[in-house]
Amino acid sequence: MFQKEYDVIVVGGGHAGSEAAAAAANLGSKTLLITMNLQNIGQMSCNPAMGGIAKGQIVREIDALGGYSGIVSDKTAIQFKMLNKSKGPAMWSPRVQSDRMRFSEAWRLALEQTRNLDFYQEMVSGIITEGEKVVGVKTSLGLEVRGKTVILTNGTFLNGVIHIGEKQFGGGRAGERAATGITKELVDLGFDAGRMKTGTPPRVDGRSLDFTKMIIQPGDDIPEKFSYLDSTQPLKEQRPCHMTYTSTLVHELLKEGFDRSPMFNGAIKSIGPRYCPSIEDKINRFADKEKHQLFVEPEGWDTVEYYINGFSTSLPEDVQFNALRKVEGFKNVKLFRPGYAIEYDYFPPTQLKHTLETKLVSGLFFAGQINGTTGYEEAASQGLMAGINAHLKVIEKDPFILKRDEAYIGVLIDDLITKGTEEPYRMFTSRAEYRTLLRQDNADFRLTPKSHEIGLATDERMKKMKKKKEDSDAFIRFFKETSVAPEKINPILESKSSAAIKQSDKMFKIFSRPNITMDDIRKIDSVEAHIAENKLDAEVLQQTEIQVKYAGYIAKEKNNADKLNRLEEIRIPENFDYSKLKSLSYEAKEKLSAIKPTTVSQASRISGVSPNDISVMLVYMGR
């Protein structure tokens, strides 16, 4: 049934598995994607949206590297918003509402058109090892499939248990069975395992809602898109979302079910996502709040199903229904399906290398929620990196690792393997110390050359990125070299309450003023002539404006990153014996021995390792 041996076997067809399979296959590895249900490839298990705060930057990074999430998101978007536009560009975060059914279909079709990729539908019940090396997987039917590397992307399916009130049943997602066997086998091999919890809100019939009682939430007037490629286009029409609120009455009705809530009666023992709490958790923790926002999101272009963002819950279905009916606009609501919580197995990610390969078993990679993350975007980026590194391991090439000053993906993976996580990890801009460098607008500049070098980003991507960089660099030079006379610029400056100039000055200096925008500077004839003559598009204009306005901040952050990266070059020998360093604190010895950092810089980011401990290590390394 199968070829003698695959280069890469990917277990699971969610966001992590789909990106992993695409990356490995596109790089040339003979790849098998094996999943429990091929109809659910790329399924959006929770909200019908991609991107958001920091997550949008990750999707753009995936696209810049040659992944598919940005392309699929663009093709199936029903609304686009650039969040945080009132703040600086480091905070701008793209987000789309997606058509849930078309999103999954687009992923399936993209993968089916990928060379070197085979598919098989069945549950993987274990891995096959020889010594400390993985050599394949086994299925619930007793089949054995050989592979040089294996990537586990099991999502919420490992021993998954679904909770609705006092009812519990096995499942990895509503209507789908849990995956069994893998956890026990990995624990027997010496891995540590834990349990996590996530939840999802009820879905309702849009025909039963009164949208006139809600606040409309339209998309951007001029929508952008995720992918840097020209093969996708911005939306010409969009579907609106709506916003409404809970109330004290809704809260009282929800509290009536607390005695039957698995959150409070001890049925759920694991930790849920801190930044996406259930509605019962919100009204319990924030008892002083009289109301909470709810976003009413359409599930697609044509379906009447709606997702109630902000109402994640595991309360009994009758409690959910009765409380929802008291929400403004929901008086006649009809449930499509109740919300539920799900508990599942994960493996603390400190057991991984930066490549996402496990330290215990050579050739075995973990990606996605198995590593304790939450969110499609976090999962997809891990899948992409695992797929790349599995391929590179097979062909015996150096691993592909992104540093913290190079990508949010680098921050995510470094956080996971260095600090670990005891609650579902979600990316935020605040987690990135170099967020001025890691903007959504320059992901192609940062990452496309690196990916092109290993053969994943196409020549087309590289050519497009180079053209954008050349055009924006030339435009910046134009501003630095071109002067403007007072009579040309002063009327513009006065209209913006900005100080007039008395003699000709370089445009770069004037454009650097915080209240002068690209639209303002374009009122100068020579600027508009340069744009027209060089056919500069919106991306180049945005890139130029950011580079001019934030030049000082960008240079300062780059300098700070370069200083810290010097510690990245000081490598720690494998199997280093920390007990030899008498001056190290007991906690540092314990943490360093467990995590086994590869560089002094990584060691410095481990919780419990102090600057003094790093000084001791540097003195020892110096010897």
Side-chain angles (χ1 to χ4, degrees), residues 53-54 56-57 60 80-95 216-225 234-235 238 429-430 434-445 468-559:
I53 308 300
Q57 283 88 326
R60 293 217 96 186
F80 181 94
K81 268 190 174 181
M82 185 67 77
L83 306 180
N84 282 340
K85 280 292 279 195
S86 62
K87 299 180 180 177
M91 306 297 283
W92 298 354
S93 301
R95 183 182 192 267
I216 193 165
Q217 303 279 297
D220 287 350
D221 292 336
I222 304 172
E224 298 177 44
K225 64 191 187 87
L235 288 167
Q238 303 183 69
T429 49
S430 58
Y434 306 118
R435 54 187 171 274
T436 307
L437 303 179
L438 309 182
R439 305 181 312 277
Q440 57 84 32
D441 59 89
N442 70 350
D444 52 346
F445 289 178
K468 175 179 158 186
K469 186 146 189 8
E470 286 163 5
D471 285 349
S472 56
D473 286 349
F475 204 13
I476 292 166
R477 275 198 309 276
F478 166 82
F479 284 117
K480 285 181 174 177
E481 294 167 1
T482 310
S483 296
V484 61
E487 63 270 19
K488 293 272 189 184
I489 192 66
N490 279 344
I492 298 167
L493 296 177
E494 285 163 15
S495 72
K496 299 302 290 268
S497 303
S498 192
I501 60 171
K502 293 176 181 173
Q503 59 188 36
S504 292
D505 207 346
K506 295 294 185 205
M507 276 199 234
F508 187 92
K509 188 176 176 184
I510 291 161
F511 194 12
S512 298
R513 295 186 184 188
N515 53 344
I516 303 302
T517 67
M518 178 64 80
D519 288 340
D520 296 325
I521 211 83
R522 285 181 72 170
K523 291 172 184 171
I524 301 169
D525 294 342
S526 59
V527 174
E528 196 58 40
H530 182 95
I531 293 169
E533 183 185 337
N534 293 279
K535 299 185 176 69
L536 303 185
D537 61 20
E539 270 195 54
V540 172
L541 300 188
Q542 184 186 78
Q543 186 61 220
T544 303
E545 184 168 12
I546 291 168
Q547 292 285 350
V548 170
K549 290 199 166 302
Y550 295 89
Y553 297 102
I554 291 167
K556 186 178 178 182
E557 203 156 275
K558 185 81 177 68
N559 186 44

Undergrad: For residues Phe479 and Val527, report the shortest heavy-atom separation together with the two atoms involved.
TA: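 Nearest pair, atom of Phe479 first, then Val527: CE2-CG2, 4.0 Å.
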Undergrad: May I have the step-by-step check of side chain to side chain contact (heavy atoms under 4.5 Å, CB included) for Ile521 and Met518, ending in yes or no?
TA: CA-CA 5 Å; Ile521 211 83; Met518 178 64 80; 3.9 Å; yes
Undergrad: For residues 80-92, pull every pair meeting side chain to side chain donor-acceptor pair (under 3.5 Å), keeping only residues two or more places apart or in separate chains.
TA: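 Applying side chain to side chain donor-acceptor pair (under 3.5 Å) to every pair that reaches into residues 80-92, excluding sequence neighbours, yields nothing.
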Undergrad: Taking atom CD1 of Ile476 and atom CZ of Phe511, what is their separation to the nearest 0.5 Å?
TA: 9.5 Å
Undergrad: Please report the shortest heavy-atom distance between Leu437 and Ile554, naming the atom on each side.
TA: CD2-O, 3.7 Å
Undergrad: Say you draw a straight line from CG of Asp471 to CD1 of Ile531; how long is it, rounded to the nearest 0.5 Å?
TA: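 So the gap between those two atoms works out to 11.5 Å.
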Undergrad: If the condition is salt bridge (charged side-chain N to carboxylate O under 4.0 Å, His left out), which residues does Lys225 pass it with, not counting sequence neighbours?
TA: none
Undergrad: Pro94 versus Glu224: any side-chain heavy-atom pair under 4.5 Å?
TA: no
Undergrad: Is there a side-chain contact between Pro89 and Tyr550 in this structure, where contact means two heavy atoms from C-beta onward sitting under 4.5 Å apart?
TA: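 Sidechains of Tyr550 and Pro89: in contact.
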Undergrad: Would you mind listing every ring pair (Phe, Tyr, Trp, His ring centres under 6.0 Å) that reaches into residues 489-508, with sequence neighbours excluded?
TA: none
Undergrad: Flag yes if more than 12 heavy atoms outside Ile216 fall under 6.0 Å of its CD1 atom; otherwise flag no.
TA: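 Enclosed.
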Undergrad: Could you list the residues that satisfy side-chain hydrogen bond (donor to acceptor under 3.5 Å, both in side chains) with Gln547, not counting sequence neighbours?
TA: Gln543
Undergrad: Considering only residues two or more places apart or on different chains, which pairs with a residue in residues 532-553 satisfy salt bridge (Lys or Arg N to Asp or Glu O under 4.0 Å)?
TA: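 Listed once each, the pairs are Lys468-Glu539.
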Undergrad: Can you list everything that forms a side-chain hydrogen bond (donor to acceptor under 3.5 Å, both in side chains) with Ser472? Sequence neighbours excluded, please.
TA: none
Undergrad: Does any non-hydrogen side-chain atom of Thr429 lie less than 4.5 Å from one of Gln57?
TA: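 With C-beta onward as the side chain, the pair touches.
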Undergrad: Would you please name every residue forming a salt bridge (charged side-chain N to carboxylate O under 4.0 Å, His left out) with Arg95, sequence neighbours left out?
TA: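 Applying salt bridge (charged side-chain N to carboxylate O under 4.0 Å, His left out) to Arg95 gives Glu297.
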Undergrad: Do other residues, nucleotides or ligands put more than 12 heavy atoms under 6.0 Å from Glu481 CD?
TA: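 Counting neighbours around CD of Glu481, more than 12 heavy atoms of other residues, nucleotides or ligands fall under 6.0 Å, so yes.
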Undergrad: Which residues pass the side-chain hydrogen bond (donor to acceptor under 3.5 Å, both in side chains) test with Glu470, not counting sequence neighbours?
TA: none
Undergrad: Could you list all the ring pair (Phe, Tyr, Trp, His ring centres under 6.0 Å) pairs where at least one residue sits in residues 514-535, not counting sequence neighbours?
TA: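 Listed by first then second residue: Phe475-His530, Phe478-His530.
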Undergrad: Not counting sequence neighbours, which residues clear salt bridge (charged side-chain N to carboxylate O under 4.0 Å, His left out) with Arg439? List them please.
TA: Asp441
Undergrad: I'd like to check the salt bridge (charged side-chain N to carboxylate O under 4.0 Å, His left out) partners of Lys506; sequence neighbours left out, ordered by chain and number.
TA: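 Lys506: no salt bridge (charged side-chain N to carboxylate O under 4.0 Å, His left out) contacts found.
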Undergrad: Identify all side-chain donor-acceptor contacts of residues 485-500 below 3.5 Å with residues at least two apart in sequence or on another chain.
TA:
{"from": "Asn490", "atom 1": "OD1", "to": "Ile501", "atom 2": "N", "distance (Å)": "2.8"}
{"from": "Asn490", "atom 1": "ND2", "to": "Pro486", "atom 2": "O", "distance (Å)": "3.4"}
{"from": "Asn490", "atom 1": "ND2", "to": "Ile501", "atom 2": "O", "distance (Å)": "3.0"}
{"from": "Ser495", "atom 1": "OG", "to": "Ile492", "atom 2": "O", "distance (Å)": "2.6"}
{"from": "Lys496", "atom 1": "NZ", "to": "Asn515", "atom 2": "O", "distance (Å)": "3.2"}
{"from": "Lys496", "atom 1": "NZ", "to": "Asp520", "atom 2": "OD2", "distance (Å)": "2.7"}
{"from": "Ser498", "atom 1": "OG", "to": "Arg513", "atom 2": "NH1", "distance (Å)": "2.8"}

Undergrad: About how many Å separate CE of Met91 and CG of Leu83, when rounded to the nearest 0.5 Å?
TA: 11.0 Å
